[in-house]
Each structure stands twice: as C-alpha cells, then as structure tokens.
Amino acid sequence: MSAFQAPTGTRDLYGADGARVEALVARFAHLAHLAAFGLVVSPMFEDAGVFRRGVGETSEVVTKEMYVFEDKGGRTLALRPEGTASVVRAFVQHRPTLPWKAWYVTPAFRYERPQAGRYRQHHQLGVEVLGSDDPDLDAEVVSLLAGFYAAVGLERVELRVNSMGDAGCMPAYGASLAAYLAARAGELCDEHAATWERNPLRVLDCKRAPCIAVREGAPRIADALCDPCAGHFARFTAGLDALDVAWRRDDFLVRGLDYYTRTTFEFASLALDAAQNGIGGGGRYDGLVEQLGGPATPGIGFGSGIERILLACEAEGLASLGETPLDVFVVDVTGGAAARDITHELRRAGISAERSFDGRSLKSQLKQADRSGARVACIVGPEELAAGSVTLRRLRRLRRGLDAAAGPDAGQERAERGALAATLDAWLR
RNA sequence: GUGGCCGUAGCUCAGUUGGUUAGAGCGCCAGGUUGUGGCCCUGGAGGUCGGGGGUUCAAGUCCCCUCGGUCACCCCA
C-alpha cells in the first residue's frame with residue numbers, strides 16, 4: 001500500500017483507459033469542429049455564486065454536493081460541479097457575437113459517495129450555444145451528441161426527449177401539479193412526501209413505486225404547453241426525424257438542474273444498469289443568461305460523462321477503442337546511438353517509433369518490441385552498422401500466414417539506412 | 001448523508017482450532033542461447049498482511065477504532 005492514494009472517489013486514468021479518453025476527446029473535437037463549434041477553456045473554480053445562481057439553489061448538485069472553499073483572499077469559491085454555468089458566465093463577461101457555439105472538455109466535481117460510474121471528479125464533454133431559440137438548433141445539438149455516440153461505436157443508446165415549457169406556461173402547470181399532489185400527498189414515497197412542495201416536478205422523476213402510481217394520474221406537461229412551446233417542440237422533433245435521430249417522448253423526463261426550459265433530453269445506455277445508465281443529457285435554458293446578470297439570451301447545450309461512456313463501451317464490448325498500434329520498435333545492440341538517430345528520423349517522417357534504453361540485451365529488446373505491440377522491429381547490430389543498413393522484421397500482428405517452419409529469419413529482410421522511411425511506408429501500408 | 005460486503009506482492013488470490021524466516025499463479029528483471037520476440041526451463045527482485053490501539057507467552061488470524069475500496073439508496077455524467 002503506497003503512502004499516498006488518489007482521494008476518495010477519484011482515480012487515475014492511464015494506459016488503455018488513457019488511450020480511450022484520448023480517442024473520445026479527439027472524435028468529439030472533430031465532430032464539434034465540423035459543426036462550427038469553438039473550444040472554450042474556463043476556470044475549474046468560480047465564485048460560488050456562479051453555480052448557486054446558475055445551476056440552481058434547489059438542485060442537490062448545489063445544496064449537497066458542491067465543493068465550496070474560501071481562498072486566502074476571503075473569496076468564496078467552488079469547484080465546478082458541471083460545465084454550463086461557467087460557460088454562460090464567460091459569455092456574459094465577454095459577450096461574443098451571436099450565436100456563440102462553444103465546446104468543452106472539463107473535469108466536474110461533486111462531493112458524494114462514490115459508486116459504479118459515479119465519482120467525486122468525473123469528466124464531461126459538452127457544447128453550449130448562446131443566442132438562438134431556433135428549434136432547428138435544438139435538433140442540431142442533439143444530433144451532434146447522437147452522432148458522437150455512433151462514431152464511438154455505441155449502438156444500444158436510447159434518446160428520450162421532453163419539453164419543460166417556458167416562463168409563460170410552466171408556472172401554471174406547476175400550480176396544477178402542486179394542487180394535484182396536495183390531494184394525494186399521503187401516497188407519495190417518504191422522500192417526496194416531505195419535499196414535493198418545494199419542487200413538485202421532481203416527483204415526476206421519482207423511481208419509487210408510490211410516486212410512479214401517483215404520477216399516472218397527474219396533469220401532463222404535454223397538455224399544459226402553450227402554443228409557442230408546443231410549436232417549438234414539434235419543430236424540434238421534426239428536425240430529429242429529418243436528421244435520422246431516433247427519439248422517444250418521455251413526459252416524465254425532468255432533469256435535476258434548475259435552469260432547464262423547453263427542450264430537455266437524455267441519452268441512456270441500454271447496456272448499463274439503470275442506476276447509472278445516463279451517459280449524457282442537456283436541454284434549453286432560456287433564462288440562465290439573465291440569472292447570471294446578462295441580457296435575455298436563449299441557450300441550449302449538453303454534457304456527457306466520459307467515465308459513463310467508457311462504461312457503456314465496455315458493456316457493449318468495444319475493446320479496441322483508442323487502440324493505436326506502434327509502427328516500429330528500434331532494436332540496437334551497438335550502443336544506442338543508432339536507436340537514438342533512427343527513432344528521431346522515423347518520427348519526423350510520421351512513423352511512430354519506440355526503442356529500449358539502458359543497453360539491454362538483444363533478447364530483452366526484442367521481447368520489449370513484442371510487448372509494445374509494434375508491427376515491425378528495426379534491428380541494428382554490428383553487421384548492419386558496418387554495412388549502413390538495418391534488418392526489418394515483421395512482428396506478431398504482421399506474421400499471419402508466415403510458416404513457422406520457414407525458419408527464424410522468415411518475414412525479415414535488410415534495408416538501406418538511407419531508404420528506411422520509404423521502405424517502412426511500403427511495409428506498413 | 002444512510003446501509004451491505006471487502007482490504008495479504010504491481011494484478012488475481014491461498015494462508016488450518018492464534019504458533020518459527022507469510023505463499024502461489026500472472027506480470028516484471030536476468031540467465032539458459034555473446035544475432036532474433038511469442039513457447040519452455042532456471043534464478044531473482046518485490047510485502048510495515050490498509051493504519052492505530054487492545055487481548056495473548058505468541059496476532060495476517062480474535063476485539064475496538066479509523067482509513068480506503070466496492071455495491072445499493074439519494075442524486076446525477
């Protein structure tokens with residue numbers, strides 16, 4: 001047991017996990033660029049008020065789980081529990097031209113008991129668009145996330161969508177829901193029997209049988225939407241159809257952060273257990289910019305959890321995600337200068353290359369080459385050094401079809417040092 | 001924050017009613033083969049038995065506390 005360990009609920013991602021994260025971020029960045037999103041990098045901590053007002057005073061993410069601390073200047077700061085509030089704060093501060101389309105990758109911090117797929121530091125990929133309430137944009141944003149999951153290789157993903165109305169129709173719906181719940185408050189689960197008055201919408205989201213029974217007879221959001229909100233939702237879902245994004249309406253989809261209006265959506269992995277199967281979600285937040293002191297500006301975005309995506313990939317058996325075999329392993333038993341120079345030369349030519357250090361034996365170096373997964377070993381011994389050449393040897397993934405009886409020298413040949421990169425290009429093609 | 005289960009080598013785990021220098025497999029390093037990896041053989045490194053306290057002649061083993069992991073609830077990515 002080492003003296004220091006990663007803090008509770010945190011972990012180190014490295015090796016195969018590190019490669020997977022790299023692949024996820026690269027694919028997301030690529031898709032974001034194709035859709036004209038620009039990267040935004042914001043501080044991981046903010047004035048705690050940014051999250052209190054931005055995420056919502058009543059959300060549990062803020063009331064129970066936020067990492068709040070005082071710095072040496074007496075400022076009350078908080079580690080970001082999610083990405084949207086910071087990006088919106090940056091928008092209000094800098095006022096970029098509209099529409100502003102930003103993507104990000106960020107750690108997020110929540111103080112809670114760790115569990116499968118739930119950590120005190122997790123990582124999210126996301127986008128935000130400020131400055132348009134066009135429902136076609138909603139479809140574009142959701143389509144981006146759906147396309148990302150598809151590009152990663154996930155197939156068992158379900159999209160649920162809903163509309164939470166706006167400041168015009170939501171208060172009336174909240175009142176009618178509250179009136180309905182008041183009449184049946186005794187039938188709710190223990191948790192919500194105590195809290196339904198403060199946030200009646202949360203009852204719709206409850207997974208316990210008593211609340212599920214109660215909500216069956218509850219007023220429906222769909223019936224309560226005003227004409228503009230209903231029209232917005234209809235255009236949004238028509239957009240999803242046009243973009244070939246499969247979706248399912250869920251009247252009870254009520255997300256946990258307070259800022260959502262109109263469009264809300266959630267992607268769940270059907271390969272994961274229900275407890276932590278949410279891999280990404282988001283929605284529209286047309287009042288958030290004002291909440292943070294900016295001019296009335298509509299916005300929409302999503303966040304998707306990298307650790308959850310990794311779990312979903314594992315559950316779907318996508319083992320090869322991020323696997324990028326090394327091209328060449330340089331084996332040098334003449335002192336290391338040749339390895340030093342050849343790896344440099346290959347890398348400059350765009351060929352990935354590794355070598356061993358510390359003057360290991362030929363056997364040891366070849367063993368390392370094998371283990372590295374490299375496709376080709378480039379061997380330099382005294383003979384090659386004297387002749388100005390190298391020996392190229394196919395390693396395991398290039399040896400299919402080579403007869404073992406053909407001898408130890410099968411699948412290898414000499415190449416001139418001067419033509420090395422060109423020869424390897426042909427081998428690796 | 002509440003509850004269940006679990007902490008022995010880098011990893012997966014054995015370790016008898018408490019009894020001498022705590023073991024195996026895998027992995028790692030070296031050698032067998034001073035020019036050929038994967039298979040095989042031999043050897044080696046690597047452990048304050050999560051930490052602290054207690055009981056005992058004696059604790060990996062029993063008791064208490066604590067830290068950590070894991071799973072579930074809550075909530076969420």
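A quick note: this is a predicted structure, and the numbers were derived from the prediction, not measured. Letters go in sequence order (proteins before strands), and every chain restarts at 1. For the numbers below, each heavy atom of this structure counts, side chains included, while hydrogens, waters and symmetry mates do not.
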Next item on the list: Return the value, rounded to whole Å, for the distance between atom CZ of F109(A) and atom C1' of rC75(B).
Entry: 19 Å
Next item on the list: Give G9(A) one of three labels, base, sugar-phosphate or nothing, depending on what nucleic acid heavy atoms sit under 4.0 Å from its own.
Entry: sugar-phosphate
Next item on the list: Measure the distance from CD on E112(A) to P on rC75(B) and round it to the nearest whole Å.
Entry: 12 Å
Check: When you measure from every atom of RNA chain B, which of residues 141-158 of chain A have a heavy atom less than 4.0 Å away?
Finding: none
Next item on the list: Check whether the aromatic ring of H123(A) stacks on the base of rA77(B), taking stacking as ring centres less than 5.5 Å apart and planes within 30° of each other.
Entry: no
Check: In terms of side-chain heavy atoms of R113(A), which of rG37(B), rA72(B), rC75(B) is nearest?
Finding: rA72(B)
Margin query: Show, in sequence, the C-alpha distance, side-chain angles and deciding distance for L130(A) and Y285(A), and conclude whether the side-chain contact (heavy atoms from CB on, under 4.5 Å) test is met.
Written below: CA-CA 9 Å; L130(A) 279 300; Y285(A) 41 83; 4.0 Å; yes
Notebook entry, point to check: Taking C-beta and beyond as the side chain, do S304(A) and Q124(A) meet within less than 4.5 Å on heavy atoms?
Noted result: no
Item checked: Nearest-angstrom distance from the residue atom CG of L24(A) to C1' of rA77(B) -> 13 Å
Next item on the list: Answer yes or no: is there an ion pair linking E46(A) with R89(A), defined by an N-O contact shorter than 4.0 Å?
Entry: yes
Item checked: Side-chain H-bond candidate by donor/acceptor type, T391(A) with E413(A), under 3.5 Å -> no
Notebook entry, point to check: Is it true that R284(A) and D138(A) make a salt bridge, defined as a side-chain N closer than 4.0 Å to a carboxylate O?
Noted result: yes
Item checked: Residue E65(A), side-chain atoms from C-beta onward, closest of rG68(B), rC75(B), rU36(B) -> rC75(B)
Margin query: Other residues, nucleotides and ligands only: do more than 12 of their heavy atoms fall within 6.0 Å of CD on E158(A)?
Written below: yes
Next item on the list: For each nucleotide in nucleotides 25-35 of chain B, reading 5' to 3', give B when a protein heavy atom comes within less than 4.0 Å of its base, S when such contact involves only the sugar-phosphate, and - otherwise.
Entry: ---SSSBB--B
Note to self: Less than 6.0 angstrom from the centroid, inside 45 degrees of the normal: does R394(A) satisfy that with respect to the ring of W427(A)?
What the structure shows: yes
Item checked: Atom-pair distance (CG on L272(A); C1' on rC71(B)), nearest Å -> 15 Å
Note to self: Do E307(A) and R11(A) have side chains that approach each other closer than 4.5 Å (heavy atoms only, starting at C-beta)?
What the structure shows: yes
Item checked: Row check, F148(A) ring normal vs R27(A) NZ/CZ: under 6.0 Å, within 45° -> no
Next item on the list: With RNA chain B as reference, determine whether P114(A) or D370(A) sits nearer its 5' end, using the nearest nucleotide of each.
Entry: D370(A)
Checklist line | Side-chain heavy-atom pair V333(A), V380(A) within 4.5 angstrom cut-off | finding: no
Next item on the list: Examine R80(A) relative to F45(A) and say whether NZ or CZ is less than 6.0 Å from the centre of the six-membered ring and inside a 45° cone about the ring axis.
Entry: no
Notebook entry, point to check: Looking for any heavy atom pair under 4.0 Å, which part of the strands does L395(A) touch: base, sugar-phosphate only, or nothing?
Noted result: base
Notebook entry, point to check: Nearest of rG69(B), rG38(B), rU36(B) to any side-chain atom of T8(A)?
Noted result: rG69(B)
Note to self: So, OP1 or OP2 of rC71(B): does either fall under 4.0 Å of a side-chain N or O from Q115(A)?
What the structure shows: no
Checklist line | Presence of donor-acceptor pair under 3.5 Å, side chain of Q276(A) and base of rA72(B) | finding: no
Check: Rounded to the Å, how far apart are M66(A) CE and rC74(B) P?
Finding: 23 Å
Next item on the list: Round to a whole Å and report the spacing from CZ of R308(A) to C1' of rA77(B).
Entry: 5 Å
Check: Is the count of non-hydrogen atoms from other residues, nucleotides or ligands lying under 6.0 Å from Y14(A) atom OH greater than 12?
Finding: no
Check: What's the OH-P distance between Y111(A) and rA77(B), to the nearest Å?
Finding: 20 Å
Note to self: Regarding A116(A), tell me which of base, sugar-phosphate or nothing describes its non-hydrogen contacts under 4.0 Å with the strands shown.
What the structure shows: sugar-phosphate
Item checked: Intra- and interstrand pairs of RNA chain B - dot-bracket, Watson-Crick/G-U under 3.5 Å, | marks other strand -> (((((((..((((.....[...)))).(((((.......))))).....(((((..]....))))))))))))....
Next item on the list: Tell me which nucleotide among rU70(B), rA77(B), rU36(B) gets nearest to the side chain of R118(A).
Entry: rA77(B)
Check: Quick one: does S163(A)'s side chain get under 4.5 Å of I221(A)'s, heavy atoms only?
Finding: no
Notebook entry, point to check: What's the CD-P distance between Q5(A) and rG51(B), to the nearest Å?
Noted result: 11 Å
